[in-house]
J.: 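One structure follows; several queries about it will come next.
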Amino acid sequence: MKDRVVVIDDEAQLRRLLRVALADVEVLEASTGSDGIVLAAQRQPAYILLDLGLPDMDGKEVLLRLREWYHRPIIVLSVRNTEAQIVAALDAGADDYLTKPFQIGELKARIRVALRNYGSDLSDSAAFVSGHLRVDLAKREVLVNKVETRLTVTEYDLLKTLIRYAGRVVTHQQLLREVWGPNAGEQTHYLRVYINHLRQKIELTPQCPRLLITEPGVGYRLIVVPDR
Amino acid sequence: MTEERDRPDPDKLLRVVEQSEKRRGQLRVFIGMAAGVGKTYAMLKAAHQLQQEGVTVLVGVVETHGRAETAALIEGLKTQPLAQREYRDLPFQEMDLDGILDAHPEVVLVDELAHTNIPGSRHEKRYQDVEELLAAGISVYTTMNIQHLESRKALVEELAEIRVHETVPDAFLEQADEINLIDIDPDALIRRMDLGNIYNGSKRDIAKENFFTKVNLTALRELVLRFAAGHVEKNLLDEKRLFGTKKTFKDAPRLEVAVFASPFSESLLRWTKLIAESMGGTWIAVYIDDGAPLSAEEKNLLSKNILLVGALGGELVTTVDADPVSGLLRIARQHNVNMIVVGKSQRSPLSILFGRKNVTTRLLKESGEIDVCVISANKRLSWKKTQKASIEESLREPFPLRHAGMMFAFLCATWFVNSFLLHFAGYWASGFVFLLGVFLGSLVLNRAATFSLALLSGIVWNFFFIPPLYTVAISKPEDVMMFIAFFVVALVMGTLTHKLRLQERRVLQREERAQTLFRVTRHLSAAKSKAEIFSAIADALSASLQVPVAVLVPTHAGGAKIRIEAGTFKVNEKDMAVAAWVFSNAKPAGRNTETLRNAEGTYFPLLVNGRPEAVVAVEPSRARHSRQEIENLIETFCQQASVALEREDFRARSIDTEVLRRTQQLYHALFDSVSHELKTPLSAIHGATSALLDELQDHRMRELAGIVSESSDRLLQTVDNILNMSRVESGVLRPNLETHDCADLVNGPLRELESDLAHHTIITNINTDMAPAYCDIGLTQVAIRNILRNAARYTPPGSTISIASWENSSFAVVEIRDNGPGLPLEDPSRVFNKFYRAAPERTGGLGLGLSIARHFIEVQDGKLEAENHAGAVFRIFLRKRVT
């Protein structure tokens with residue numbers, strides 16, 4: 001039996017596109033927020049794709065209502081220049097986001113990452129590998145091109161948090177909360193400085209990062225480069 | 001207090017800025033002690049110098065007086081031909097003001113500043129012509145002799161025993177940017193005179209005999225030297241005050257003098273001016289309106305004196321107070337006056353008799369910390385006028401025929417009654433009837449007539465009723481007592497009744513004034529538009545002045561034409577030009593003024609907050625009010641009107657704001673829906689083709705899908721650009737400023753354009769240690785994307801695009817350069833023009849990308865520069881966070 005997916009978007013053409021493109025799952029369509037919530041409650045989908053610009057409800061409102069009982073991945077879709085809405089959605093519990101227009105390949109990759117993170121709880125014993133970076137979480141060992149690199153405590157905590165959400169976007173608030181604790185507040189410039197330090201140590205070309213990517217106005221993303 | 005004073009005076013600074021910034025012309029005056037010292041010569045020399053420096057110089061008018069050297073100097077200078085005028089059928093030549101204004105040279109030479117124009121010219125005096133030239137932005141070089149300076153006129157008349165008819169106000173000369181003293185030894189001047197260099201022939205002898213004596217010339221020389229020294233000192237003080245040098249002007253004295261309707265006032269004003277100047281201080285003249293009615297002649301004198309205040313460079317303050325002493329002191333305290341100048345009072349014996357306290361004595365008593373300077377009347381200066389004035393003083397008011405007639409009627413009536421009464425009541429009773437007559441007469445007659453009636457009644461009573469009859473002599477002592485008592489009672493009664501009536505009239509006048517003000521205020525508060533405001537002013541003014549009045553406004557904002565907006569006064573075609581002049585010069589003109597006096601009406605500017613809003617036309621022929629009164633009235637109305645006009649302005653503006661708000665709302669709604677409708681189908685196409693490309697295996701099919709995908713991408717870009725341009729032009733773009741690293745700004749666009757830049761070599765040299773930029777990342781990335789896309793499009797494959805960043809003191813800079821063919825050579829910044837494309841036939845596109853880039857950077861207070869340097873170089877300057 002196929003997995004079920006709920007797509008909540010008011011654009012019929014886009015729903016049609018997703019129905020065709022995501023051929024390996026059963027796509028359930030809803031054109032309004034309230035319909036989507038009802039549909040998700042009835043059919044228990046494997047994940048939800050949610051458009052933030054809905055006619056009846058605010059996207060964040062839909063997310064909060066879903067998150068009361070739904071704990072599987074939710075990926076939000078949005079248009080450009082709506083960073084504030086995206087951040088609000090992510091902080092309200094969305095797993096990742098994608099701006100329109102997007103490539104289907106990109107969407108599929110995001111879905112994969114979200115599902116993997118949901119399925120396997122990354123434990124401390126595991127090792128994280130992405131391209132030239134290898135992090136042994138048990139030994140607290142960081143290897144860049146097979147050379148050990150020393151990180152400060154904060155840098156390591158930051159990297160560990162990013163690894164936990166590997167492949168997904170992590171908002172500034174999330175990072176600050178998880179690394180510096182609940183009282184870190186709005187000190188985003190701290191974060192910027194530490195991300196820069198981290199890039200100096202783990203990137204091959206720090207000025208043009210390939211692993212630790214900035215999502216403008218939203219947060220950071222640690223890219224998972226598949227093994228060759 | 002000290003610190004307050006040490007600070008540069010903002011008004012003064014403003015004036016200097018205005019002088020330097022406004023395109024008002026500069027005034028340079030060549031001043032000398034007498035004719036023949038070489039002023040015109042010096043002026044022409046200076047003009048030649050200027051012309052050599054490349055300044056356009058025009059000779060407006062130069063009087064050579066037949067001197068050959070001077071005439072020779074005119075050669076080589078461009079000359080404006082004189083205008084031909086006719087006056088009383090005789091031809092005259094005057095400077096062609098309009099011709100010069102049309103020619104608009106940088107500098108114009110105007111000889112003989114004090115010259116009086118032929119009646120019928122635009123201005124009465126040449127210095128007014130010069131004023132207009134300066135206002136038009138033309139610099140003026142001019143000449144004058146010291147004797148023509150208003151404040152020195154009296155001194156010169158006294159020294160040289162001549163009459164000076166033509167004068168230039170001090171205020172005019174004070175605005176001169178440069179005063180050049182042309183000095184020569186008196187002996188040398190007399191020698192030159194003898195040689196005939198100054199006047200020719202017989203004119204020379206007369207001139208020499210009357211004026212060119214060594215004594216005169218030495219005195220005049222001293223005068224002009226002192227004047228020039230004073231000017232230099234004033235400039236020095238101005239500079240010091242400007243730049244806040246301490247201890248200057250700390251106790252700059254401020255003098256006050258009363259201006260009143262008497263010829264004596266004139267010499268008082270002149271003296272005050274001289275004292276103020278010698279003390280390095282300023283002075284104000286106060287007109288105290290005590291409500292007493294003025295005769296036509298007094299009104300004339302008063303407005304002449306008030307004009308003199310302006311000409312002498314004083315400030316006029318008008319106030320209403322029944323008591324001149326308290327008025328003077330109140331204004332003095334309000335204006336921080338340190339010294340009050342008063343004249344030795346010339347009181348008539350009558351006023352002493354009736355115990356009016358001497359103004360000077362009271363002032364001395366009540367002035368407290370303020371000094372009082374008492375000046376005696378200069379008899380010689382104005383002997384003719386004073387004589388006339390003293391006769392006037394004794395009668396106080398002119399004695400119109402009407403009053404004389406009425407007085408005789410009263411006299412005859414009482415006489416008639418008494419001649420019957422005498423037979424059965426005796427001559428004492430008839431004395432009382434005469435008294436009754438005097439009393440009744442005083443109710444309607446003016447003071448002079450009342451006094452005359454009292455006097456004549458006494459004489460008639462004595463002559464025809466008191467024995468011995470038909471003689472002036474009185475036989476019985478009790479009759480003498482009775483007669484004296486009669487006189488005293490008659491005079492006291494006359495005076496008291498007169499005073500009472502005067503007070504009553506004052507109350508009435510005040511009430512009338514309050515009524516007028518109330519009326520205009522009520523009308524103005526009800527007025528809903530500018531037109532109604534002006535019509536309210538016209539009605540109220542017309543009612544107060546009881547003559548036809550009109551309000552004129554420009555036909556359109558900033559226009560030279562003017563039209564009647566409200567009122568009943570019919571302004572003729574010729575006068576329209578006068579009204580237009582008044583509007584643009586913000587000065588009164590027309591009948592009874594010094595400018596364009598041949599006009600039918602008198603025209604006053606209606607100033608609101610110092611700017612002319614309209615022109616008030618008053619028909620002067622039937623006006624019972626002096627110019628000063630009309631101006632005061634108009635000023636009062638202007639104050640009321642300015643509030644109303646401001647309110648009207650606010651109302652109009654609030655409507656505008658509301659319209660703007662709704663427009664913006666509408667714009668946002670429309671923008672969002674258009675943006676949505678355009679982009680959604682494109683997003684679907686984009687997504688669908690990307691899915692197709694993932695799935696398709698067949699080579700031909702992939703090619704076709706590729707075409708769809710690329711075309712939809714390009715359409716998406718175009719839509720994005722058009723929408724972005726629309727955001728720019730709507731003016732509703734609000735950047736969301738935050739700190740961002742330059743690397744983050746650049747990397748996003750680089751990733752997005754990976755496929756576009758696939759055939760180019762990209763070199764990035766981003767300084768990761770530099771301070772972050774404080775910018776809107778969305779807008780900045782659009783700009784960088786557009787520049788990169790442009791570079792990809794206009795450089796051949798294989799070219800190198802390098803991106804670097806650095807910082808300076810206030811900007812974080814991102815530089816994008818390529819080694820392609822570069823930007824248009826003559827003006828690289830042309831690429832920022834909307835719809836500019838370098839090679840339209842080759843590349844396509846709208847030509848909006850770089851224009852948007854620049855707008856997006858500039859809206860964040862940044863800069864975007866373009867230049868050629870072995871290819872195209874773009875530099876984005878982004879603000880750094882100010883901490």
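To find a chain, count down the sequence lines: A is the first, B the second, and so on, and within it residues start at 1.
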J.: With a 4.5 angstrom heavy-atom cut-off, could you sort out which part of B/Asp720 is near chain A: side chain, backbone, both or neither?
T.: side chain
J.: Which residue, B/Leu864, B/Ile857, B/Val813, B/Asp861, forms the side chain to side chain contact (heavy atoms under 4.5 Å, CB included) with B/Leu878?
T.: B/Ile857
J.: Where does B/Leu779 contact chain A at under 4.5 Å (heavy atoms): side chain, backbone, both or neither?
T.: neither
J.: Examine whether an atom of B/Ile766 lies under 4.5 Å from a heavy atom of chain A, and if so say whether it belongs to the side chain, the backbone or both; otherwise answer neither.
T.: both
J.: Which atoms of A/Leu18 come close to chain B, meaning under 4.5 Å heavy atom to heavy atom: side chain ones, backbone ones, both, or neither?
T.: neither
J.: Taking NZ, NE, NH1 and NH2 as the nitrogens, is one of them in B/Asp756 or B/Arg793 under 4.0 Å from a carboxylate oxygen of the other?
T.: no
J.: Which of the residues B/Ala688, B/Ser709, B/Ser675, B/Pro681 is involved in the greatest number of heavy-atom pairs with chain A at under 4.5 angstrom?
T.: B/Ala688
J.: Any donor and acceptor pair, going by atom type alone, linking the side chain of B/Asn819 with main-chain N or O of B/Thr800 inside 3.5 Å?
T.: yes
J.: Any ion pair linking A/Asp91 and A/Lys60 (charged N to carboxylate O, less than 4.0 Å)?
T.: no
J.: Is it true that a side-chain atom of B/Gln860 and a backbone atom of B/Asp776 form a donor plus acceptor pair closer than 3.5 Å?
T.: yes
J.: Measure A/Glu11 against the heavy atoms of chain B and call it side chain, backbone, both or neither at under 4.5 Å.
T.: side chain
J.: Within a reach of under 6.0 Å around CZ of B/Phe671, are more than 12 heavy atoms found that belong to other residues, nucleotides or ligands?
T.: yes
J.: Using a strict cut-off of less than 4.0 Å between a Lys/Arg side-chain nitrogen and an Asp/Glu carboxylate oxygen, indicate whether B/Arg817 and B/Glu815 qualify as a salt bridge.
T.: yes
J.: Can you tell me which portion of A/Arg15 sits under 4.5 Å from chain B's heavy atoms? Options are side chain, backbone, both or neither.
T.: neither
J.: Do other residues, nucleotides or ligands put more than 12 heavy atoms under 6.0 Å from B/Lys880 NZ?
T.: yes
J.: For the candidates B/Ser712, B/Ser805, B/Pro772, B/Ala684, which exhibits the highest count of non-hydrogen atom pairs separated by less than 4.5 Å from chain A?
T.: B/Pro772
J.: Need one label for A/Glu83: side chain, backbone, both or neither, based on atoms under 4.5 Å from any heavy atom in chain B.
T.: neither
J.: Heavy-atom distances under 4.5 Å only: say whether B/Thr680 touches chain A with side chain, backbone, both or neither.
T.: side chain
J.: Please flag which part of A/Arg199 lies under 4.5 Å from any non-hydrogen atom of chain B: side chain, backbone, both or neither.
T.: side chain
J.: Is it true that A/Arg168 and A/Asp96 make a salt bridge, defined as a side-chain N closer than 4.0 Å to a carboxylate O?
T.: no
J.: Does A/Arg72, at its CZ atom, have more than 12 non-hydrogen atoms belonging to other residues, nucleotides or ligands within less than 6.0 Å?
T.: yes
J.: Assess, by modelled atom type and distance only, whether the side chains of B/Asp818 and B/Ser799 contain a donor and an acceptor separated by less than 3.5 Å.
T.: no
J.: Do you see a donor-acceptor pair shorter than 3.5 Å between the side chains of A/Thr154 and A/Asp157?
T.: no
J.: Between chain B and each of A/Ala84, A/Gly53, A/Cys208, A/Gly105, count heavy-atom pairs under 4.5 Å; write down the option with the most.
T.: A/Cys208
J.: Flag the one option from B/Cys742, B/Ala743, B/Ala691 with the top tally of heavy-atom pairs under 4.5 Å to chain A.
T.: B/Ala691
J.: Within the 3.5 Å criterion, strictly below it, is a donor on B/Tyr667 or B/Ser726 matched to an acceptor on the partner's side chain?
T.: yes
J.: Looking only at heavy atoms, which of residues 746-754 of chain B get nearer than 4.5 Å to chain A?
T.: B/Asn747, B/Arg751, B/Glu752, B/Glu754
J.: Which of the residues B/Thr689, B/Ile777, B/Asp744, B/Leu716 is involved in the greatest number of heavy-atom pairs with chain A at under 4.5 angstrom?
T.: B/Asp744
